[in-house]
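Below is one structure, written out as structure tokens; the observations come after it.
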Amino acid sequence: MAYLGEDIKKLGFGLMRLPQKDGAIDIEQTKVMVDKFLEQGFTYFDTAWAYAGSEDAIRQALVERYPRDKFQLATKNAAWINCKTREDAINQFETSLKQTGAGYFDFYLLHNLGEHRTKFFDDFKLWDFVQEKKAEGLIKHVGFSFHSTPEELEEILNAHPEMEFVQLQINYADWENPAVQSRGCYEVARKHNKPVIIMEPVKGGTLANPPESVEKIFKAADSKASSSSWAIRFAADLDGIITVLSGMSNIEQMEDNLSYMKDFKKLSDSERETLNKAREALNAIPLIPCTTCNYCAKVCPKNIGISGTFTAMNIFKLYGDEAGAKHQEDWLVSGHQKARANECIKCGKCEEACPQHIKIRDELEEAVKFFIEG
């Protein structure tokens with residue numbers, strides 16, 4: 001049975017990490033990347049109101065240079081960013097139309113639903129607004145991107161069956177990760193017959209340079225294939241996928257992605273086994289054994305973002321990505337209105353509540369050294 005986007009090639013151009021020159025998006029390099037992408041038959045471009053400069057850049061590199069029917073353009077509404085009224089949120093849509101010059105959006109997403117952010121879309125009645133714009137022909141297809149639990153995704157899809165698709169964070173590292181629950185969220189979307197757009201297939205670039213133990217497994221299976229290719233092909237191999245977004249930042253990344261996705265074929269059994277071995281190798285790296293159950297959060301008198309801090313620490317332990325780990329700590333702790341690790345008063349209530357018996361106070365001391373003092 002056909003589904004939305006089945007005819008779209010399985011690689012989408014994510015426009016969040018466009019090439020930079022002198023502190024601004026490099027429009028000329030972006031044009032070259034757009035040309036290469038379209039030449040190989042790929043047509044899906046993903047931007048957002050919240051991606052600084054991205055909508056303006058894609059107007060110059062794509063919209064003003066190609067017929068409108070030769071590509072699909074997606075953008076997003078982040079009502080939880082600096083919106084105090086419904087008019088503020090609606091203005092994001094109008095701004096996106098102006099900045100892209102696209103005339104209409106093939107795919108329009110309510111951006112980053114989950115946790116406290118969903119309430120903004122409810123309060124501002126944006127579910128109704130996007131349907132109105134769809135009726136006017138300014139939006140072709142409506143969906144949302146999502147970062148939270150399978151249970152919360154189930155609630156949203158039950159409340160809004162009119163949503164046509166879901167955008168989810170899916171990669172082989174997070175497939176069984178209790179902090180992300182990629183598999184669980186994907187299975188909920190499939191249960192509701194919603195096709196999926198995949199974001200973060202390379203986990204913000206970290207899976208392009210995985211730990212040595214993982215790299216060895218991939219090179220033993222195919223000495224010429226990049227680590228990124230394994231990550232993106234894992235995601236593209238799933239059923240019911242509209243496309244897999246890759247946030248390409250230079251021409252070399254574009255050419256690598258095109259080389260293995262232009263004639264994409266489903267993974268073989270041996271390739272799936274290689275990816276299973278890679279996941280096992282990742283899981284064997286010693287990490288803080290936090291399952292993000294957040295029992296600690298329920299008893300912490302200082303409202304410290306314990307699980308978010310540990311998730312960020314584990315990113316550094318796995319990938320050695322200091323900047324990525326610090327970005328995650330900022331998002332998962334400060335971005336979720338939690339106190340940072342240096343606010344810990346060492347009362348020990350968290351450790352009494354932790355089913356994994358983690359020495360939370362000691363781990364938070366290490367986090368202070370890395371994230372705050374370091």
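- Counted by atom type alone, Asn91 and Asp88 present zero donor-acceptor pairs between their side chains at under 3.5 Å.
- Atom NZ of Lys359 has 12 or fewer neighbouring heavy atoms from other residues, nucleotides or ligands inside a 6.0 Å radius.
- Counting non-hydrogen atoms of neighbouring residues, nucleotides and ligands closer than 6.0 angstrom, the NZ atom of Lys349 reaches no more than 12 such neighbours.
- Between atom CG of residue Leu332 and atom CD1 of residue Ile306 there is a gap of 13.5 Å, rounded to the nearest 0.5 Å.
- Phe129 has its ring centre no less than 6.0 Å from the ring centre of Phe124.
- Counting all heavy atoms, side chain and backbone alike, Ala353 lies closest to Val299 at CB-CG2, 4.0 Å.
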Determine, stepwise, if the pair Glu64 / Arg59 fulfils salt bridge (Lys or Arg N to Asp or Glu O under 4.0 Å). CA-CA 6 Å; Glu64 294 177 349; Arg59 185 193 76 252; 2.9 Å; yes
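- For the residue pair Tyr172 and Pro210, the shortest heavy atom distance occurs at OH-CB, 4.3 Å.
- A donor atom on one side chain and an acceptor atom on the other are not found under 3.5 Å apart for Ser148 and Glu115.
- Taking both residues in full, the closest heavy atoms of Cys185 and Leu153 are given as O-CD2, 3.3 Å, listed atom of the first, atom of the second, then distance.
- More than 12 non-hydrogen atoms from other residues, nucleotides or ligands lie less than 6.0 angstrom from NE2 of His160.
- Note that OG of Ser334 and CD of Glu329 are 6.0 Å apart. Values are rounded to the nearest 0.5 Å.
- One N or O on the side chain of Tyr3 and one on the backbone of Ile241 form a donor-acceptor pair closer than 3.5 Å.
- Under the 3.5 Å distance criterion, the side-chain polar atoms of Asp321 are left unmatched by any main-chain donor or acceptor of Ile315.
- Judged by distance alone, with hydrogens and angles left aside, the side-chain atoms of Lys194 form a donor-acceptor pair with the main-chain N or O of Met163 at under 3.5 Å.
- Glu351 contributes a side-chain N or O that, together with a main-chain N or O of Ile360, makes up a donor-acceptor pair within less than 3.5 Å.
- Taking 4.0 Å as the cut-off between side-chain N and carboxylate O, Glu132 and Lys125 do not count as a salt-bridged pair.
- Using a distance-only test at 3.5 Å, with no hydrogens or angles considered, a donor-acceptor pair links the side chain of Ser249 to the main chain of Arg17.
- Remark: Lys10 fails to qualify as a cation-pi partner of Tyr44 under the 6.0 Å distance and 45° angle criteria applied to the six-membered ring.
- Linking Ile, Leu, Val, Met, Phe, Trp and Tyr residues whenever their side-chain heavy atoms come within less than 4.5 Å leaves Leu38 and Ile8 in two separate clusters.
- Remark: the Ser227 side chain and the Glu215 side chain contain an N/O donor-acceptor pair separated by less than 3.5 Å.
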Derivation of the side-chain contact (heavy atoms from CB on, under 4.5 Å) call for Ile156 and Phe121: CA-CA 11 Å; Ile156 293 172; Phe121 300 96; over 6 Å; no
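- Between Tyr186 and Trp175, the two ring planes are tilted [angle within 30° to 60°].
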Under the salt bridge (Lys or Arg N to Asp or Glu O under 4.0 Å) criterion, do Lys76 and Asp46 qualify, and how do the steps go? CA-CA 9 Å; Lys76 312 180 190 75; Asp46 171 89; 2.8 Å; yes
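- Classification of Arg340 and Asp330 as a salt-bridged pair fails, no side-chain N sitting under 4.0 Å from a carboxylate O.
- A donor atom on one side chain and an acceptor atom on the other are not found under 3.5 Å apart for Ser226 and Ser228.
- Taking the six-membered ring wherever Trp is involved, the centroid distance between the rings of Phe42 and Phe71 does not fall below 6.0 Å.
- More than 12 heavy atoms of other residues, nucleotides or ligands sit less than 6.0 Å from atom NZ of Lys346.
- Residues Gly41 and Lys9 share a closest heavy-atom pair of O-CD, 3.1 Å.
- Ring planes of Phe37 and Phe13: tilted class, angle from 30 to 60°.
- Between Phe107 and His141, the angle of the ring planes lies from 30° to 60°, which puts this pair in the tilted group.
- With hydrogens and angles disregarded, no donor-acceptor distance shorter than 3.5 Å links the side chain of Ser229 to the backbone of Ala225.
- The six-membered or imidazole ring of His111 lies away from that of Trp49, with a centre-to-centre distance of 6.0 Å or more.
- Formation of a donor-acceptor pair under 3.5 Å by the Asp106 side chain with backbone atoms of Lys140 is not found in this model.
- A pairwise comparison of heavy atoms in Ala325 and Phe316 identifies CB-CB, 3.8 Å as the closest pair.
- Judged by distance alone, with hydrogens and angles left aside, the side-chain atoms of Gln92 form a donor-acceptor pair with the main-chain N or O of Ala78 at under 3.5 Å.
- The CG atom of Asn177 lies 7.5 Å from the OG1 atom of Thr292; values are rounded to the nearest 0.5 Å.
- In summary, the side chains of Asn257 and Gln253 do not present any donor paired with an acceptor at a separation below 3.5 Å, with no hydrogens or angles considered.
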For Asp237 and Arg272, what are the C-alpha separation, side-chain angles and deciding distance, and is it a salt bridge (Lys or Arg N to Asp or Glu O under 4.0 Å)? CA-CA 10 Å; Asp237 188 58; Arg272 292 190 182 99; 3.1 Å; yes
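- Ion pairing of Lys119 with Asp122 is absent here, as no side-chain N (NZ or NE/NH1/NH2) approaches a carboxylate O to less than 4.0 Å.
- No hydrogens or angles considered: a donor-acceptor pair under 3.5 Å links the side chains of Tyr66 and Asp35.
- Within 6.0 Å of CD on Glu212 lie no more than 12 heavy atoms contributed by other residues, nucleotides or ligands.
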Would Lys133 and Glu136 count as a salt bridge (Lys or Arg N to Asp or Glu O under 4.0 Å) here? Give the steps. CA-CA 5 Å; Lys133 294 303 166 185; Glu136 293 172 17; 3.2 Å; yes
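- Lys203 and Asn171 share no side-chain donor-acceptor pair at under 3.5 Å.
- Remark: side-chain polar atoms of Ser145 are not paired, donor with acceptor, to backbone N or O of Gln167 under 3.5 angstrom.
- Side-chain contact annotation: Asp222 with Trp230, donor-acceptor N/O pair under 3.5 Å absent.
- Of all non-hydrogen atoms in Ile25 and Ala57, the two that sit nearest each other are CG2-CB, 3.8 Å.
- One side chain, Ser54 or Thr47, offers a donor N or O that lies under 3.5 Å from an acceptor on the other.
- No side-chain heavy atom of Val196 sits less than 4.5 Å from a side-chain heavy atom of Phe165.
- One N or O on the side chain of Arg117 and one on the backbone of Asn112 form a donor-acceptor pair closer than 3.5 Å.
- At most 12 heavy atoms of other shown residues, nucleotides or ligands fall within 6.0 angstrom of atom OH in Tyr295.
- Under a 4.0 Å N-O distance rule, the pair Glu28/Lys21 does not qualify as a salt bridge.
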Run the side-chain donor-acceptor check on residues 97-104: report pairs under 3.5 Å with partners two or more places apart or on a different chain.
residue: Gln99; atom: NE2; partner: Glu55; partner atom: OE1; Å: 2.5
residue: Thr100; atom: OG1; partner: Ser96; partner atom: O; Å: 2.8
residue: Thr100; atom: OG1; partner: Ala102; partner atom: N; Å: 3.2

Quick one, Asp174 with Gln169, criterion side-chain hydrogen bond (donor to acceptor under 3.5 Å, both in side chains). Give me CA distance, side-chain angles, the key distance, then yes/no. CA-CA 8 Å; Asp174 289 329; Gln169 177 176 325; 2.8 Å; yes
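- In Asn158, the CG atom is crowded: over 12 heavy atoms of neighbouring residues, nucleotides or ligands sit closer than 6.0 Å.
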Can you list the steps and then say if His116 with Trp80 is a ring pair (Phe, Tyr, Trp, His ring centres under 6.0 Å)? CA-CA 9 Å; His116 66 282; Trp80 43 275; 7.3 Å; no
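- Classification of Glu366 and Lys369 as a salt-bridged pair holds, one side-chain N sitting under 4.0 Å from a carboxylate O.
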